[in-house]
Every structure is written in C-alpha cells, then in structure tokens.
Protein chains: 2
Amino acid sequence: MESVLTEAVALLDEAGAPALTFRALAQRLGGGVASIYWYVASKEELLDRATDHVVGAVLADIEDLPGSDDPIDDLRAMAVTLFDAIVHRPWLGAYFMRNTDVQGNSLRLYERLGQQTLRLDLTAHQRFHAVSAIVGVVVGTAVDMGQEPPEEVLDGAVSREEYLGRFAQTWRELDPAEFPFVHEIVDEFDGHDDVDQFRSALELTLTGLRLQAGA
Amino acid sequence: MESVLTEAVALLDEAGAPALTFRALAQRLGGGVASIYWYVASKEELLDRATDHVVGAVLADIEDLPGSDDPIDDLRAMAVTLFDAIVHRPWLGAYFMRNTDVQGNSLRLYERLGQQTLRLDLTAHQRFHAVSAIVGVVVGTAVDMGQEPPEEVLDGAVSREEYLGRFAQTWRELDPAEFPFVHEIVDEFDGHDDVDQFRSALELTLTGLRLQAGA
DNA sequence: ACCTGAACACCGTTCAAGT
DNA sequence: ACCTGAACACCGTTCAAGT
C-alpha cells in the first residue's frame with residue numbers, strides 16, 4: 001500500500017496528473033493493472049490517498065514552525081509553507097481540500113490554521129470565513145500559476161523569462177486606448193515572480209483580517 | 001462553428017466537464033466525430049473556445065454594471081458578477097484564465113478589473129498585484145466550492161442541507177481537545193451559504209486594498 | 001490475502017476518401 | 001470548403017481464475 005502511494009506521487013511529480021494511469025503505475029510496481037484495485041476502489045480514491053499522503057508532509061512542516069506571539073504572523077508562515085508545497089507540486093492545487101472527510105491530513109491542516117484565529121478577537125462566524133479566505137488565496141493563486149506551461153517551456157527549449165517576454169510583447173501591441181491597464185502593468189508582468197505575487201495577495205487578506213480583529 | 005460552441009457549452013452545463021466528449025458532441029450536432037476537427041484542432045482548443053464564449057457573456061454583464069464614484073465598490077460588483085457566473089457553471093472555474101492570449105474575452109475582463117485600480121492611488125506594481133489578488137479570491141473560492149458533490153446530492157436524493165449536516169456530524173464527533181477550531185466553527189459550517197463565504201473573503205482583500213490606497 | 005490476463009466500453013486523434 | 005467511416009493507441013474498470 002505504502003509503495004503504491006509513493007510511486008503514484010512519483011509519477012505525479014515527474015509528469016503531472018495525466019501521467020498517473022493504472023497501467024503506468026502497475027508497470028512501475030512490476031505487476032498487473034488489476035492488482036491496484038486490491039488497494040484502492042477507483043482512480044478517485046487513488047488520487048485522494050496520494051494527495052493526503054503529501055499533505056501529511058506539509059502538515060509536519062507546518063507543525064514544526066516555531067510560532068510567535070502574533071497569530072497573523074503565524075498564519076502568514078503557515079500559508080507560505082502550504083503555497084511552497086503546491087508550487088513544487090502543481091498537481092496538488094487541483095486535488096487539495098477535496099473530500100475533507102476522507103483526507104484526514106487536510107482536516108488537520110485546516111484545524112491548525114483555524115487555531116491561530118482562536119487567538120484573535122473574532123466571532124466564530126468571522127473565524128470560519130477567515131480560514132476559508134486564506135485557503136482561498138493559497139489555492140486560487142496556486143491554481144492560477146499551476147497551469148501547465150507550453151511544452152517548449154517544459155522542454156527547456158524556451159526559458160520562463162522568454163515565455164513571459166513573448167506574452168508581454170503581444171500585450172504591448174494592443175491598442176493603448178482600449179487596454180490602458182494592460183499597458184500600465186505589462187512591465188510588471190514581464191519577468192514577475194510568482195511567489196511575490198502570492199505574498200501580496202496574502203498580505204491584503206491578512207491586513208483585512210488584522211483590521212477586523214482590531215489587532 | 002457557433003453551433004459547435006453552443007452545444008459544447010450546453011453539454012458542459014448539463015453534466016460537467018466529463019460529459020463533453022467528441023462523440024457526445026458529434027451526436028448532438030448530428031454528424032461524425034471527425035467533423036469537429038475541422039473547427040478545432042484539439043480538445044484543449046475546444047475547451048478554450050467554449051470558455052471564451054461564456055466569458056464573453058460575463059464580460060457583457062460586467063460592462064453593463066452602472067459604476068459608481070468608488071472604484072473599490074465597482075471592483076466588488078465586478079467580482080461578484082464573475083463569481084455568480086462560476087457558481088452557475090462550476091466547470092468554468094477550472095478553465096477560466098487559461099491561455100489569456102487565445103481567450104480574448106478573459107483579457108478584456110482582466111483589463112476591466114484593472115481599469116478600476118487606475119482610479120486608486122497605487123503603483124503599477126501594486127495595481128498588478130491587486131487584480132491578481134481579486135481574481136485569486138474569485139477563482140480560489142469558486143474552485144473550493146465547485147467540486148462535484150456526491151451523486152446522491154446531484155440526484156436530489158439528499159439535499160445540500162442534509163449533506164452539510166452529515167459532514168458537520170462527523171466533525172462534532174472529533175476529540176474537542178485535538179480539534180478545538182473545528183468544534184468552534186462546526187455550527188457555522190452547518191448550513192452555511194457559499195455566496196456569504198465568498199463575500200467575506202472578497203471583503204478582506206478589498207479592505208486591505210483600500211488601506212493600501214489610502215482611500 | 002493477494003495477484004493475474006484478458007476482456008469491456010470508452011476516450012482523443014488521424015487519415016484516406018468522399019462531396 | 002466541409003464532412004465521413006474506420007481505424008489506432010490509449011483509458012478506467014471488471015471478472016473469472018490463479019496462488
């Protein structure tokens with residue numbers, strides 16, 4: 001069972017979600033396709049368990065964070081840890097937080113985030129929404145960034161900078177009267193850092209939260 | 001071409017992303033499978049064009065919004081309009097904002113959101129991040145909510161309230177010492193409103209943005 | 001308890017051939 | 001310019017049969 005999940009995660013890491021097929025997995029395990037059905041009932045369950053497996057590692061990282069006297073700072077550190085994990089495993093964004101009942105580690109992660117809000121002066125209603133908002137920012141930004149870049153970028157034939165640059169170039173050719181905003185930010189877009197973008201989005205939410213808590 | 005997209009969107013609306021197959025689409029169009037390849041080069045392009053097709057309608061709604069003297073209020077109205085569209089078409093969340101170069105309407109929508117930030121006292125860098133953050137909140141919350149509920153809920157055999165209630169019940173049975181946050185918010189979760197949850201997340205981001213702009 | 005080969009019904013995509 | 005039938009290589013899943 002353990003090796004089934006390990007190999008499944010390895011396939012996902014190496015070539016993304018489409019690479020995880022029962023046939024590819026069976027080959028790596030040195031067995032037949034049908035064998036896997038003794039461990040999981042369906043592909044959906046396989047993905048759920050594989051996701052929970054890696055979320056367990058993220059949870060361990062989050063539990064190892066030092067912690068401070070400011071719950072907002074602690075929330076920030078946790079969110080960044082989670083985001084980093086998704087950046088390194090783009091397939092994770094799509095499956096994370098599905099089936100919280102089955103995926104025990106996602107629930108524990110949710111609990112850990114929520115515990116920080118218990119230290120803030122908020123209503124239960126506000127706490128519930130605060131954690132949803134933070135998870136939303138992480139997943140939203142991660143999904144936005146996790147889209148498979150074209151094959152040429154994966155090949156290494158074209159660098160990320162070149163790819164962004166080409167994009168930026170088509171934007172520069174748009175009519176400035178019709179697309180004033182695109183022209184305003186095209187130099188920011190060109191060569192931008194994903195982590196920086198995430199940090200800013202997170203900071204807006206945390207600022208709003210801090211104001212709400214009067215802290 | 002127009003009817004290909006219309007029928008593709010109809011299939012997606014009726015039964016979600018897995019229902020859109022070339023064979024199902026061909027049958028509805030009364031032709032052969034291979035015919036579709038005269039209009040689109042691949043399934044990816046079909047999905048991109050179908051997405052762009054409905055984003056066009058969302059864009060029209062957004063352009064029809066009255067507008068006010070407060071750019072933050074206008075951003076809120078636009079984000080809510082976009083969110084509503086995704087709630088009614090859960091498949092949209094996954095494909096929205098992919099391939100902005102091909103999908104002209106997504107780019108125009110992005111531009112429209114960004115134009116509001118031009119009315120705020122921000123740097124170009126902050127404007128770029130602000131729009132990314134807002135799109136992130138919309139997509140993140142929508143993806144979180146857009147997950148297919150179990151078959152029994154779709155059937156109507158079990159109501160959404162019953163489904164949430166069952167979930168809540170398993171949470172109530174967790175050890176309160178180990179899951180204090182889950183116990184704190186379980187009554188909020190039980191029977192919660194998705195739109196309400198989205199509004200709160202959006203408000204935190206907009207509050208942060210307003211503070212940043214000193215407005 | 002654990003694994004297998006072979007089949008089933010389904011995919012996206014291609015291609016030579018038609019009008 | 002537009003459409004077709006038939007095939008190809010691939011899927012997830014099942015099942016009777018093996019150890």
Side-chain angles (χ1 to χ4, degrees), chain A residues 1-53 90-92 94-95 98-99 102-103 147-152 154-155, chain B residues 1-53 90-92 94-95 98-99 102-103 147-152 154-155:
Chain A
M1 181 70 229
E2 182 64 24
S3 64
V4 171
L5 293 184
T6 308
E7 288 304 323
V9 170
L11 275 169
L12 289 165
D13 285 346
E14 283 166 30
L20 180 59
T21 66
F22 277 76
R23 283 168 177 83
L25 185 55
Q27 199 179 352
R28 284 178 83 119
L29 293 166
V33 236
S35 320
I36 303 165
Y37 281 89
W38 194 85
Y39 298 97
V40 294
S42 67
K43 180 154 191 190
E44 196 186 326
E45 191 187 324
L46 176 63
L47 275 164
D48 281 345
R49 293 186 110 94
T51 303
D52 193 56
H53 194 250
W91 58 270
L92 195 56
Y95 299 105
R98 279 201 339 182
N99 284 354
V102 176
Q103 299 187 30
Q147 5 197 4
E148 297 288 308
E151 210 177 333
E152 41 184 13
L154 289 174
D155 289 357
Chain B
M1 180 69 228
E2 182 64 23
S3 64
V4 171
L5 293 184
T6 308
E7 289 302 325
V9 170
L11 275 168
L12 288 165
D13 285 347
E14 283 166 29
L20 179 59
T21 65
F22 278 76
R23 283 168 177 84
L25 185 53
Q27 200 180 351
R28 284 178 84 119
L29 293 166
V33 238
S35 320
I36 304 165
Y37 280 91
W38 195 86
Y39 297 98
V40 293
S42 66
K43 180 154 192 190
E44 197 186 326
E45 191 188 325
L46 176 63
L47 275 164
D48 281 344
R49 294 187 108 95
T51 303
D52 193 55
H53 193 250
W91 57 269
L92 195 55
Y95 299 104
R98 279 202 337 181
N99 284 355
V102 176
Q103 300 187 29
Q147 4 197 5
E148 296 288 307
E151 211 177 333
E152 41 185 13
L154 289 173
D155 289 356

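Letters go in sequence order (proteins before strands), and every chain restarts at 1. Everything quoted here is computed from the prediction, not taken from an experiment.
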(request) Check every nucleotide of DNA chain C for an atom under 4.0 Å from a heavy-atom of chain B, then give the first and the last such nucleotide from 5' to 3'. (result)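 Boundary nucleotides touching chain B, in 5' to 3' order, are C/dC11 to C/dC15.
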(message) Are A/Asp52 and A/Asp48 packed together at the side-chain level, in the sense that at least one heavy-atom pair is separated by less than 4.5 angstrom?
(response)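 Counting from C-beta outward, A/Asp52 and A/Asp48 never come under 4.5 Å.
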(message) Mind checking if A/Leu20 touches a base, just sugar-phosphate, or nothing, with heavy atoms under 4.0 Å?
(response) sugar-phosphate
(request) For A/Thr21, report the nucleic acid contact type (base, sugar-phosphate, nothing); a contact means any heavy atom under 4.0 Å. (result) sugar-phosphate
(request) For B/Val33 and for A/Gly32, find the nucleotide of DNA chain C with the closest heavy atom, then tell me which residue's nucleotide is more 5'. (result)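 It is A/Gly32, whose closest nucleotide lies nearer the 5' terminus.
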(message) If you assign A/Arg23 and B/Arg23 each to the DNA chain C nucleotide with the nearest heavy atom, which residue ends up on the more 5' nucleotide?
(response)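 The answer here is A/Arg23.
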Closest approach of [X] and [Y], non-hydrogen atoms and distance?
X       : Y       : answer
A/Thr21 : A/Lys43 : CA-NZ, 4.5 Å
A/Ala24 : A/Ala19 : CB-O, 3.9 Å
B/Ala41 : B/Glu45 : N-OE1, 3.1 Å

(message) Evaluate B/Leu20 against B/Trp91 for side chain to side chain contact (heavy atoms under 4.5 Å, CB included), listing each step before the verdict.
(response) CA-CA 11 Å; B/Leu20 179 59; B/Trp91 57 269; over 6 Å; no
(request) Give the C-alpha distance, both sets of side-chain angles, the deciding distance and a yes or no for side chain to side chain contact (heavy atoms under 4.5 Å, CB included) between A/Leu12 and A/Leu92. (result) CA-CA 9 Å; A/Leu12 289 165; A/Leu92 195 56; over 6 Å; no
(request) Could you work out the separation of D/dC2 and C/dA17 based on their P atoms and round it to a whole Å? (result)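 After rounding to an integer number of Å, I get 22 Å for this pair.
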(message) I'd like to know if A/Glu14 pairs up with A/Arg28 as an ion pair, taking the criterion as any Lys NZ or Arg NE/NH1/NH2 lying under 4.0 Å from an Asp or Glu carboxylate oxygen.
(response)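 Yes.
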(request) Convert the base pairs of DNA chain D into dot-bracket notation, remembering that pairs crossing earlier ones are written with [ ] and that bases paired across to another strand are shown as |; include only Watson-Crick or G-U pairs under 3.5 Å. (result) ||.|||||...|||||.||
(message) Please check: side-chain N/O of B/Thr51 versus main-chain N/O of B/Leu47, any donor-acceptor pairing under 3.5 Å?
(response) yes
(message) I want to confirm an ordering. Mapping A/Pro18 and A/Ala41 to their closest nucleotides on DNA chain D, which one lands closer to the 5' end?
(response)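 On the 5' side of the pair lies A/Pro18.
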